Amino acid sequence: MMNTWPRRFVQKHLEWRTFQRFGLNPWQKEVLEIGCGSGYGACLLLNSSPKDYVGIDLMPEQIALARQRGLKNASFLKMDAADLNHFADESKDLIVIFGILHHVPEWKKVIKECYRVLRRDGDFYVQEPCKRFLQIWDFFLRWHHPLDSCFSLKEFENQLVAEKFTILHRRNFAGMGLYRAHKKCK
């Protein structure tokens, strides 16, 4: 599903545009995309001229596809999102996730790591489907998402708040949640 035209359509016309309405502006910022896949999100983000872009993914075949795009000012790393030790504390201005946390059993640790890696006044943009939405799709399409990586949108929001993020924007639409969470200046 991740490399299909319907997925790219939703990513561009629903997720990307909603994030832009929420205030997403990568211009001259250091950007980390978690779950970069084949690099389609990188194309969207790089159109806004970030200072630096790094995309990470656990799947080496997706990293290879992303690198084949030949995108300037982009680097792609095979990495587990639950362990971002490659990145220093407060080293990124912006972190974006286009719907991959529901594949990560340690999704709470990913949120904790994102908070650590974001600079003060940094923003975290996330799109995620809710547990119920995934259960319905799993029933019909036999996708078999791991149960320990699925969560309700309320559980997700509670985890953002538990990590000290402030939720500036949220939009829940047809079983999907789109968020802009902010790391406050201390």
Side-chain angles (χ1 to χ4, degrees), residues 2 11 15-16 18-20 22-60 62-128 149 151 156-170 177-186:
M2 69 182 103
Q11 190 171 357
E15 298 164 20
W16 176 252
T18 300
F19 288 163
Q20 287 180 310
F22 286 176
L24 176 66
N25 181 7
W27 187 78
Q28 290 303 300
K29 293 188 177 155
E30 295 198 31
V31 177
L32 172 62
E33 182 185 2
I34 295 176
C36 65
S38 66
Y40 186 71
C43 294
L44 297 172
L45 289 157
L46 287 164
N47 280 334
S48 298
S49 303
K51 181 178 181 180
D52 180 62
Y53 168 90
V54 178
I56 67 165
D57 203 290
L58 190 58
M59 300 172 70
Q62 294 301 312
I63 294 295
L65 289 171
R67 287 178 178 156
Q68 286 174 8
R69 290 182 182 270
L71 299 171
K72 293 181 181 179
N73 301 320
S75 59
F76 299 98
L77 305 171
K78 181 190 172 296
M79 186 180 303
D80 184 344
D83 180 8
L84 300 178
N85 286 328
H86 178 83
F87 304 106
D89 293 359
E90 299 188 357
S91 59
K92 299 294 177 189
D93 301 302
L94 183 62
I95 298 176
V96 179
I97 298 178
F98 290 106
I100 63 94
L101 279 182
H102 61 279
H103 295 285
V104 183
E106 293 181 299
W107 64 272
K108 291 179 180 180
K109 188 172 180 191
V110 175
I111 294 172
K112 183 181 202 73
E113 280 288 271
C114 287
Y115 190 85
R116 180 188 64 78
V117 170
L118 268 178
R119 287 190 175 104
R120 292 181 187 124
D121 276 334
D123 286 314
F124 182 32
Y125 290 85
V126 185
Q127 177 278 324
E128 282 300 323
S149 65
F151 44 83
F156 179 73
E157 291 175 19
N158 287 343
Q159 192 62 35
L160 287 172
V161 172
E163 293 303 332
K164 300 193 177 37
F165 277 109
T166 301
I167 300 172
L168 296 180
H169 297 283
R170 75 170 55 83
L178 293 102
Y179 299 90
R180 176 187 178 191
H182 184 73
K183 182 176 179 178
K184 292 182 193 176
C185 229
K186 291 185 182 179

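Model, not experiment: these values are computed from the prediction.
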Any sub-3.5 Å donor-acceptor pair from [X]'s side-chain atoms to [Y]'s backbone N or O?
X	Y	result
Q62	S38	yes
D57	G37	yes
E128	H102	yes

Closest heavy-atom pair and its distance - [X], [Y]:
X	Y	answer
F165	I111	CE1-O, 3.8 Å
L46	A74	CD1-CB, 3.7 Å
H182	G122	ND1-O, 3.4 Å
L71	G39	CD1-O, 4.2 Å
F19	V126	CZ-C, 3.5 Å
L101	W107	O-CB, 3.8 Å

Evaluate the side-chain proximity of F87 to I56: yes if any heavy-atom separation is below 4.5 Å, no if none is.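 I56 vs F87: side chains touch.
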Run the side-chain contact (heavy atoms from CB on, under 4.5 Å) check on E157 and V161 step by step: do they pass? CA-CA 6 Å; E157 291 175 19; V161 172; 5.7 Å; no
Would you sort out whether R116 and N85 count as a side-chain contact (heavy atoms from CB on, under 4.5 Å), showing the intermediate values? CA-CA 10 Å; R116 180 188 64 78; N85 286 328; 4.0 Å; yes
Short N-O contact, D83 and K109, less than 4.0 angstrom: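 No, D83 and K109 are not salt-bridged.
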Could you check, using the six-membered ring where one of them is a Trp, whether Y125 and F22 have ring centers closer than 6.0 angstrom?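 So the answer is no for these two rings.
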Assert yes or no for the condition that the ring centre distance of F98 to Y40 is strictly below 6.0 Å.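 Distance test on ring centres: not under 6.0 Å, no.
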Nearest 0.5 Å, please: how far is [atom2] in [Y] from [atom1] in [X]?
X	Y	atom1	atom2	value
Y53	N73	OH	CG	12.5 Å
T18	L24	OG1	CG	11.0 Å
E90	R120	CD	CZ	4.5 Å
C36	L77	SG	CG	8.5 Å
Q127	I100	CD	CD1	10.5 Å
K184	L168	NZ	CG	9.5 Å

Matching residue for D123 among R180, K29, K92 - test: side chain to side chain donor-acceptor pair (under 3.5 Å):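 Per the side chain to side chain donor-acceptor pair (under 3.5 Å) rule, the option paired with D123 is R180, out of R180, K29, K92.
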Test side-chain contact (heavy atoms from CB on, under 4.5 Å) on L32 and L84 and set out the steps. CA-CA 11 Å; L32 172 62; L84 300 178; 4.3 Å; yes
In sequence, state the C-alpha distance, the side-chain angles, and the governing distance for K183 and Y115, and then conclude on side-chain contact (heavy atoms from CB on, under 4.5 Å). CA-CA 7 Å; K183 182 176 179 178; Y115 190 85; 3.5 Å; yes
Audit row: R170, Y179, side chain to side chain donor-acceptor pair (under 3.5 Å) steps and yes/no: CA-CA 5 Å; R170 75 170 55 83; Y179 299 90; 5.3 Å; no
